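In what follows, a structure is listed as structure tokens, so that the remarks can point back to it.
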Number of protein chains: 2
Amino acid sequence: MNIGDVAAKSGVPSKTIRYYEDIGLVKPARSANGYRAFRDSDVHKLTFLGRARALGFSIEDCRALLGLYEDESRASAEVKAIAQHQIEQIDRKIADLRRMRDTLAELVSRCAGDDRPDCPILESLGPGGKV
Amino acid sequence: MNIGDVAAKSGVPSKTIRYYEDIGLVKPARSANGYRAFRDSDVHKLTFLGRARALGFSIEDCRALLGLYEDESRASAEVKAIAQHQIEQIDRKIADLRRMRDTLAELVSRCAGDDRPDCPILESLGPGGKV
DNA sequence: ATGGGGGTTCCAGTCGGTGGAAGGTCAAGG
DNA sequence: CCTTGACCTTCCACCGACTGGAACCCCCAT
């Protein structure tokens, strides 16, 4: 299988697949003409990677998960720990974003939004403010 | 004022201040010895930038906001529009993260997390899965 | 004069790709 | 047999927004 087919099947762009090879996540064989020759197992790995990335796992987490995925004698506890850690990271990001959002929403609600220059948003960002 | 004092007063690291000069957000004068010479207005700008960045505004948004901040004849509507757009971006990010979080939480809840190898998390990421 | 704590420039690296140039390969159609 | 066009290859540069570090300069106190 050539890279284009794999990209179509796995949903991971060709460019990204080459990048994943660069960083050692997949190791496709090579045909005589120099083309990468993918097996079904590579497609499975790439599908796996695409989904893991969509869940926000870092590349290094993906590398670890892929190792566990391939390891028939893994302990599910290891996988669960990584996933739980990822949930914590996401929760932290959400909390940060929510704080930003609330602050912004409050500022926006106090801004007239007309053609006059006075603006609580800019005032809060400036030296007197306390955002 | 030297860069270190400004960093302390504005809360923006020296390195970042130099970077902001590089990309044209601040334009400090220079002393005879080649050191950057900041005025109070530069400190105000950098404080402004620090706060705007903390609210998640992109550098380009910051540039626009800084322009409006400096423009006495601005219309608050312009500022409000940028802030509202930013809120929308944040909302979209939160929604994405929440989807990830929910999916992960569901997978984690179904994973035994013991020393056995069977793991719904890995199964969902693999070729049979449907994350 | 020496030491330490500023400052300066410039280059490289972060993360996870993405875009594009220059060139090789292959199957189909004229 | 040749050309066209779609694929593939490598390599290098760029995105955002910094951050780390090397190598060097400057100024003040001891």
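What you see is a predicted model; the values in this text were computed from it and never measured. Residue numbers begin at 1 in each chain, while the letters A, B, ... track the order of the sequences. Heavy-atom basis, side chains included; hydrogens, waters and symmetry copies ignored.
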Output all residues satisfying side chain to side chain contact (heavy atoms under 4.5 Å, CB included) with D114(B), sequence neighbours left out; order by chain, then residue number.
-> S76(A), A112(B), R116(B)
So, is R18(B) near the phosphate of dA17(D), with a side-chain N or O under 4.0 Å from OP1 or OP2?
-> no
Side-chain ion pair, E21(B) and K27(B), N-O less than 4.0 Å | no
How would you label the contact of R36(A) with the nucleic acid (heavy atoms, under 4.0 Å): base, sugar-phosphate, or nothing?
-> sugar-phosphate
Just how far, in rounded Å, is P of dC18(D) from CD of E21(B)?
-> 15 Å
Which whole-number value in Å describes the distance from L46(B) CG to dA17(D) C1'?
-> 15 Å
Would you kindly give the CD1-to-P distance between I23(B) and dT19(D), to the nearest whole Å?
-> 12 Å
State the CG-CG distance between L55(B) and L125(A), to the nearest 0.5 angstrom.
-> 6.0 Å
Contacts of S31(A) that satisfy side chain to side chain donor-acceptor pair (under 3.5 Å) - sequence neighbours left out | none
Taking only residues at least two apart or on different chains, which pairs with a member in residues 74-107 of chain B satisfy ring pair (Phe, Tyr, Trp, His ring centres under 6.0 Å)?
-> none
Atom CD1 of I3(A) to atom C1' of dT10(D): distance rounded to whole Å?
-> 12 Å
Treat primed atoms plus P, OP1 and OP2 as sugar-phosphate and everything else as base, then score nucleotides 10-22 of chain C 5' to 3': B for base contact with protein heavy atoms under 4.0 Å, S for sugar-phosphate contact only, - for none.
-> B-----BBSBB--
In chain order, what residues pass the side chain to side chain contact (heavy atoms under 4.5 Å, CB included) check against E72(B), with sequence neighbours excluded?
-> none
Starting at atom CZ of R30(A), determine the distance to atom C1' of dT25(C), rounded to an integer number of angstrom.
-> 14 Å
Taken to the nearest 0.5 Å, the spacing of D61(B) CG from L66(B) CG works out to 12.0 Å
Pair up each side-chain donor or acceptor in residues 38-48 of chain A with any protein partner under 3.5 Å, not counting sequence neighbours, and list the distances.
residue: D42(A); atom: OD2; partner: R39(A); partner atom: N; Å: 2.9
residue: K45(A); atom: NZ; partner: E70(A); partner atom: OE1; Å: 3.4
residue: T47(A); atom: OG1; partner: V43(A); partner atom: O; Å: 2.7

Considering only distance and modelled atom types, tabulate donor-acceptor pairs under 3.5 Å from the side chains of residues 3-18 of chain B, sequence neighbours left out.
residue: D5(B); atom: OD2; partner: N2(B); partner atom: N; Å: 3.2
residue: S10(B); atom: OG; partner: V6(B); partner atom: O; Å: 2.8
residue: S10(B); atom: OG; partner: V12(B); partner atom: N; Å: 3.1

The side chain to side chain contact (heavy atoms under 4.5 Å, CB included) partners of D96(B) (sequence neighbours excluded) come to R99(B)
Any residue of residues 87-96 of chain A with a heavy atom less than 4.0 Å from an atom of DNA chain C | none
Summary of salt bridge (charged side-chain N to carboxylate O under 4.0 Å, His left out) pairs that have at least one residue in residues 73-93 of chain B, sequence neighbours excluded | R101(A)-D91(B)
Its contact letters, B for base, S for sugar-phosphate only and - for none at protein heavy atoms under 4.0 Å, make nucleotides 24-29 of chain D read --BS--
Spacing of CD belonging to E106(A) relative to CG belonging to L104(A), to within rounding of 0.5 Å = 10.5 Å
N2(A) CG to dT25(C) P, in whole Å, measures 14 Å
Which angle, to the nearest 10 degrees, lies between the helix axes at the two ends of the helix from dA1(C)-dT30(D) to dG30(C)-dC1(D), each defined by five pairs?
-> 40°
R53(A) and C62(A): side chain to side chain contact (heavy atoms under 4.5 Å, CB included), yes or no, with the steps?
-> CA-CA 7 Å; R53(A) 293 286 302 130; C62(A) 287; 3.7 Å; yes
